Amino acid sequence: MKVRKAVITAAGYGTRMLPATKSMPKEMLPILDKPAIQYIVEECVNAGITDILIILSRGKHVVEDHFDRVPDLERQLEDQGKTELLDEVIHTASMANITYVRQAEQLGLGHAVMCAKSFVGNEPFAVLYGDDVIVGEDPAIAQLCRAYEKYGKGIVGIREVSDEEVMKYCSMKLQQMDDKYFSISDMIEKPSRNQVFSNYSILGRCVLTSEIFEILKRTPYGKNNELQLTDAMKTLAQIKGMIGVEFTGKRYDMGDKFSALTASIDAGLRSDEISTQLKEYIKQLAETL
């Protein structure tokens with residue numbers, strides 16, 4: 001069964017990027033000339049996903065506005081003959097069927113996913129974390145969707161991370177099947193050093209079946225009264241096993257200042273419009289360091 005639905009979790013406060021995120025959702029922080037969340041939506045669209053639910057919290061209506069039509073702006077661009085910009089603005093509002101739901105309280109990623117239950121129904125669905133932008137020729141979520149079509153199991157996107165990072169994320173108990181696929185039998189959220197299974201962590205992408213909702217219902221709330229999706233996936237992995245995909249593409253953590261900055265620099269280097277200027281500036285700057 002093909003994956004045609006995706007859930008993007010974008011309800012967090014973005015405290016690591018304050019004060020910018022006091023009035024602007026972190027998902028709207030620009031990567032050169034596009035907000036971070038547009039990269040995530042485009043990743044879904046390029047993977048063949050047609051229906052997207054974005055989980056928001058209070059004060060994030062600007063995300064909805066971004067993916068809506070703006071008739072006054074469109075008329076102005078048309079009158080000024082700025083057809084390329086006009087096409088881009090219209091395209092942004094028509095890429096997919098995008099709907100929204102508000103997470104009334106920030107009670108963890110598992111709680112956010114529970115808000116998508118009626119949207120998902122009985123279908124498999126992708127989950128994309130709003131903090132994580134992944135750029136590559138082959139969309140990361142498409143790599144996971146292909147694995148789901150092959151194995152029919154829950155899928156997680158994984159990468160090997162440092163000793164320090166694995167304790168901030170999660171750790172996978174796994175066995176390698178081939179170059180990029182792993183069989184996962186257990187996992188743990190934010191492990192202590194002596195609890196680490198491996199240095200492979202889930203980084204921002206997964207594909208789940210609707211059975212995850214029943215598991216989430218039975219999963220106890222943990223630290224800070226939060227319901228962790230990883231705890232529910234741990235149960236799923238122990239019962240049925242899951243598949244880990246070591247995805248390709250460059251990942252940017254938009255909650256990390258350095259990572260967010262490198263995202264814009266890399267986008268500038270890919271830009272036909274400014275790449276030459278940026279390269280020259282970087283060369284000049286390097287001489288002063």
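No experiment lies behind these values; they were computed from the predicted model shown. Just so it is clear, the values below take in all heavy atoms, side chains as well, and ignore hydrogens, waters and symmetry mates.
Between the side chain of S57 and the main chain of A11, a donor-acceptor pair closer than 3.5 Å is present. Without hydrogens or angle criteria, N199 side chain to V161 main chain gives a donor-acceptor distance under 3.5 Å. The backbone N or O of L261 sits nowhere less than 3.5 Å from a side-chain atom of S264 that would complete a donor-acceptor pair. Not one N or O on the side chain of K250 forms a donor-acceptor pair closer than 3.5 Å with the backbone of G136. Between the side chain of S198 and the main chain of M172, a donor-acceptor pair closer than 3.5 Å is present. Judged by distance alone, the side chain of K234 and the main-chain N or O of M187 form a donor-acceptor pair under 3.5 Å. A donor-acceptor distance shorter than 3.5 angstrom exists from the side chain of K60 to the backbone of G12, with no hydrogens or angles considered. A donor-acceptor contact shorter than 3.5 Å links the side chain of S162 to the backbone of E165. Without hydrogens or angle criteria, Q143 side chain to D138 main chain gives a donor-acceptor distance under 3.5 Å.
Taking 4.5 Å as the limit, every side-chain heavy atom of L56 sits out of range of all side-chain heavy atoms of Q103. Side-chain contact check for P30 versus P35: every heavy-atom pair is 4.5 Å or farther apart. Side-chain contact check for I184 versus V156: some heavy-atom pair is nearer than 4.5 Å.
Taking a 6.0 Å sphere around CD of E64, one finds it holds more than 12 heavy atoms contributed by other residues, nucleotides or ligands. Residue N122 places its CG atom among 12 or fewer non-hydrogen atoms of other residues, nucleotides or ligands, all under 6.0 Å distant. Within 6.0 Å of the OH atom in Y281, the count of heavy atoms belonging to other residues, nucleotides or ligands does not exceed 12. Heavy atoms from other residues, nucleotides or ligands lying under 6.0 Å from CD of E137 number 12 at most.
Closest heavy-atom contact between I52 and C44: CD1-CB, 3.8 Å. Here the closest non-hydrogen pair linking Y100 and V63 is OH-O, 4.1 Å. For the pair A10 and I54, the tightest heavy-atom approach, listed with the atom from each and the gap, is CB-CG2, 4.1 Å. Here the closest heavy-atom approach between residue A112 and residue I55 is recorded as O-CD1, 3.7 Å. Here the shortest heavy-atom pairing between I134 and A140 reads CG2-CB, 3.8 Å. Nearest heavy atom pair, residue G130 against residue E27, reads O-CG, 4.0 Å.
Atom CG in D131 sits 10.0 Å away from atom CG in L29 (nearest 0.5 Å). Here CD1 of I188 is found 12.0 Å from CD of Q228. Values are rounded to the nearest 0.5 Å. With rounding to the nearest 0.5 angstrom, the NZ atom of K5 is 9.0 Å from the OG1 atom of T99. Between atom CD1 of residue I37 and atom CD1 of residue I31 there is a gap of 11.0 Å, rounded to the nearest 0.5 Å. Going from atom CG of L236 over to atom CE of M242 covers 5.0 Å, rounded to the nearest 0.5 Å. Atoms CG and OG1, on L229 and T9 in that order, are 8.5 Å from each other to the nearest 0.5 Å.
Under the 4.5 Å side-chain heavy-atom criterion for Ile, Leu, Val, Met, Phe, Trp and Tyr, F125 and I49 are members of distinct hydrophobic clusters. Linking Ile, Leu, Val, Met, Phe, Trp and Tyr residues whenever their side-chain heavy atoms come within less than 4.5 Å leaves Y181 and M233 in two separate clusters. Under the 4.5 Å side-chain heavy-atom criterion for grouping Ile, Leu, Val, Met, Phe, Trp and Tyr, L144 is connected to M177 within one hydrophobic cluster. Both I155 and L128 sit in one connected hydrophobic cluster of ILVMFWY residues. Membership requires side-chain heavy atoms under 4.5 Å apart, directly or through other members. Linking Ile, Leu, Val, Met, Phe, Trp and Tyr whenever their side-chain heavy atoms come within less than 4.5 Å puts Y148 and I8 in one cluster.
No hydrogens or angles considered: a donor-acceptor pair under 3.5 Å links the side chains of D186 and Q238.
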Below 3.5 Å, can you tabulate the donor-acceptor pairs from side chains in residues 70-77 to any protein atom, sequence neighbours excluded?
residue, atom, partner, partner atom, Å
D72, OD1, R75, NH2, 2.3
E74, OE1, R69, NE, 3.3
E74, OE1, R69, NH2, 2.8
E74, OE2, R69, NE, 2.7
E74, OE2, V70, N, 3.3

N/O donor-acceptor pairs under 3.5 Å from side chains in residues 268-279, not counting sequence neighbours:
residue, atom, partner, partner atom, Å
S271, OG, E273, N, 3.1
S271, OG, I274, N, 3.3
S275, OG, S271, O, 2.9

Distance-only donor-acceptor hits, side chain of residues 202-212, under 3.5 Å, sequence neighbours excluded:
residue, atom, partner, partner atom, Å
R205, NE, E43, OE1, 3.4
R205, NE, E43, OE2, 3.0
R205, NH1, D132, O, 3.2
R205, NH2, E43, OE1, 2.8
R205, NH2, D132, O, 2.9
T209, OG1, E211, OE2, 2.8
E211, OE1, K240, NZ, 2.9

Can E78 and Q80 be said to form a side-chain hydrogen bond (donor to acceptor under 3.5 Å, both in side chains), step by step? CA-CA 5 Å; E78 185 174 15; Q80 294 174 352; over 6 Å; no
Test Q38 against H66 for side-chain hydrogen bond (donor to acceptor under 3.5 Å, both in side chains), laying out the working first.
CA-CA 9 Å; Q38 185 171 334; H66 178 72; 2.8 Å; yes
Yes or no on side chain to side chain contact (heavy atoms under 4.5 Å, CB included) for K283 and E287, after CA distance, side-chain angles and deciding distance? CA-CA 7 Å; K283 290 176 184 176; E287 293 176 0; 5.6 Å; no
I'd like to know whether E149 forms a salt bridge (Lys or Arg N to Asp or Glu O under 4.0 Å) with R146, so could you lay out the CA-CA distance, the side-chain angles of the two residues, the decisive distance to 0.1 Å, and finally the verdict. CA-CA 5 Å; E149 291 170 18; R146 291 196 297 268; over 6 Å; no
inquiry  = Determine whether H111 and E226 satisfy the following criterion, side chain to side chain contact (heavy atoms under 4.5 Å, CB included), listing intermediate values before the conclusion.
reply    = CA-CA 8 Å; H111 181 268; E226 291 186 342; over 6 Å; no
Margin query: Go through it in stages, so that I can follow the logic: the residues are L227 and L107, the test is side chain to side chain contact (heavy atoms under 4.5 Å, CB included), and I'd like the CA-CA distance, side-chain angles, deciding distance and then a yes or no.
Written below: CA-CA 6 Å; L227 179 60; L107 297 177; 5.8 Å; no
Review point. Which is it for Y169 and K190 under the side chain to side chain contact (heavy atoms under 4.5 Å, CB included) test, yes or no, and what are the steps along the way?
Key: CA-CA 5 Å; Y169 299 139; K190 293 182 175 63; over 6 Å; no
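Residues satisfying the ring pair (Phe, Tyr, Trp, His ring centres under 6.0 Å) test with F182, not counting sequence neighbours, are Y200. Evaluation of the salt bridge (charged side-chain N to carboxylate O under 4.0 Å, His left out) rule for R159 yields no partner, not counting sequence neighbours.
Figure legend: cation-pi geometry between K34 and Y39, with NZ or CZ positioned under 6.0 Å from the six-membered ring centre and within 45° of its axis. In this structure, K180 is not positioned above the aromatic face of F247 in the sense of NZ or CZ being under 6.0 Å from the six-membered ring centre and within 45° of the axis.
Contacts classified as side-chain hydrogen bond (donor to acceptor under 3.5 Å, both in side chains) and involving residues 252-261 (residues at least two apart or in different chains) are given here: R16-D253, Y252-D266.
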